[in-house]
There are 2 protein chains.
Amino acid sequence: MLTNSRIAYHRHDHKRCINAALCRAKELCDARKARLTPIRETVLKTIWASHRPLGAYEIVDQISQSETSAHRVFPPTVYRAIQFLLDQGLIHRLSSLNAYIGCPFPGNYHSDFFLICEQCGSTAECSDDQVDHAVIHAAGRANFQVESKVIEIVGICPECQV
Amino acid sequence: MLTNSRIAYHRHDHKRCINAALCRAKELCDARKARLTPIRETVLKTIWASHRPLGAYEIVDQISQSETSAHRVFPPTVYRAIQFLLDQGLIHRLSSLNAYIGCPFPGNYHSDFFLICEQCGSTAECSDDQVDHAVIHAAGRANFQVESKVIEIVGICPECQV
DNA sequence: AGAAAAGATGTTACTTTGTATCGTTTATTC
DNA sequence: GAATAAACGATACAAAGTAACATCTTTTCT
Ligand SMILES: [Zn+2]
Ligand SMILES: [Zn+2]
Ligand SMILES: [Zn+2]
Ligand SMILES: [Zn+2]
């Protein structure tokens, strides 16, 4: 099972997460000749501010209030950056929260699911063959051909358990 | 595996689905001393008009335009009915679509997931122990304690496959 | 039966999330 | 360097969901 749960749910040097994510994003965009423009990078950095999913308008507010950005930023600008980052697989959308979170393993194709802590909000991403197989097998019994899946698990993370 | 996929994706006498759902709803609400009021029943019937998930405002429009309802119905009225039906387990919400669908097996506790056809929109509900176990097991490896899950699979239903 | 409490609905106004559109700017291509 | 494509700024709007309050209905208690 591929997961960032060991990091996401525990004390760690989060600057390294941010740096790694930004570096990897540049690499991938370079390789794909996709343009990681300043706003797109700012949005990505804002989303990576923590391991908690961030709403689009929270991103708008964060960026508008930050020192670095001279002027206010408008929703369509942020949504366009979000769309780009989704297309590049650099972030994911959590449907059950209407929020966005950075992908810890972009590039490597993975069919992922999310563990969302209802206490602290921290969210880990996982990729597990057994879950995939179970879903595809169950769908197959209904003669249903799987294209994509949304799997979002809500519960209590190791740090928040008594 | 418990599922209504045999029915939902194929020609069938859908009036029986509707009748069964309404009957079962009355039974359950009676047993629980919950009040299945006229609006609540109308909303349930409207959602059960097909096996395709229906948005809240589509429900508002359907009911407002129907002969039977004298006057226009407002969003909060519908949302309150939706909340009641969700609480009673008579319908489910599909987060990835912002839409609602009738539950084919209310009463029996089931941890369910959905197979959403991207062609025709028809959606089946499934409940499968292997999927449950795979998810709980994967979460367990991250020391994550599962409370609830959102599993929505998008793909092609048997009828829509070439 | 009648009063009081609880539950449900009607209505207005509002919040949150996400887009269509159009004009302008910046980068790429020829 | 002109033409084309891509990205951004800004306004306005659509879609999904809710807060608040008045009114009406049902249930409960005396
Ligand atoms: Zn981190
Ligand atoms: Zn937690
Ligand atoms: Zn049916
Ligand atoms: Zn179909």
Which nucleotide in the set D/dG9, D/dC8, C/dG18 lies at the smallest distance from any side-chain heavy atom of A/T37? D/dC8
Looking at D/dA16, C/dA20, C/dG10, which one has an atom nearest to any side-chain atom of B/Y79? D/dA16
Between D/dT25 atom P and B/L36 atom CG, what is the distance in whole Å? 19 Å
Decide, applying a 5.5 Å centre-distance limit and a 30° plane-angle limit (both strict), whether A/Y57 stacks on C/dT17. yes
Report the distance from atom CG of B/L94 to atom P of D/dG17, rounded to the nearest whole Å. 11 Å
Touch check for B/T77, heavy atoms < 4.0 angstrom, all strands: base, sugar-phosphate only, or nothing? base
Closest to the A/A56 side chain: C/dG18, D/dT18, D/dA7? C/dG18
Pick the nucleotide of DNA chain C nearest each of A/E58 and B/R35; which residue has the one closer to the 5' end? B/R35
Spacing of A/L97 atom CG relative to C/dT16 atom C1', expressed in whole Å: 14 Å
Whole angstroms only, please: what is the CD-P distance between A/Q83 and D/dA6? 16 Å
Establish whether the base of D/dG17 is bridged to the side chain of B/R80 by a donor-acceptor pair shorter than 3.5 Å. no
Would a distance-only check, ignoring hydrogens and angles, find a side-chain to backbone donor-acceptor pair under 3.5 Å from A/N4 to A/E125? yes
Within this structure, what is the CZ-to-P distance between A/F84 and D/dC8, rounded to whole angstrom? 9 Å
Determine whether a donor-acceptor pair (N or O, by modelled atom type, separation under 3.5 Å) exists between the side chain of B/H137 and the backbone of A/V131. no
Here the distance between atom P of C/dG18 and atom CG of B/N98, to the nearest Å, is 8 Å
Rounded to the nearest 0.5 Å, the OG atom of B/S111 sits from the CG atom of B/L2 at a distance of 11.5 Å
Is a side-chain N or O of B/Q161 found less than 3.5 angstrom from the main chain of A/N143, in a donor-acceptor match? yes
Output the rounded distance in Å from CG (A/D87) to P (D/dA6). 14 Å
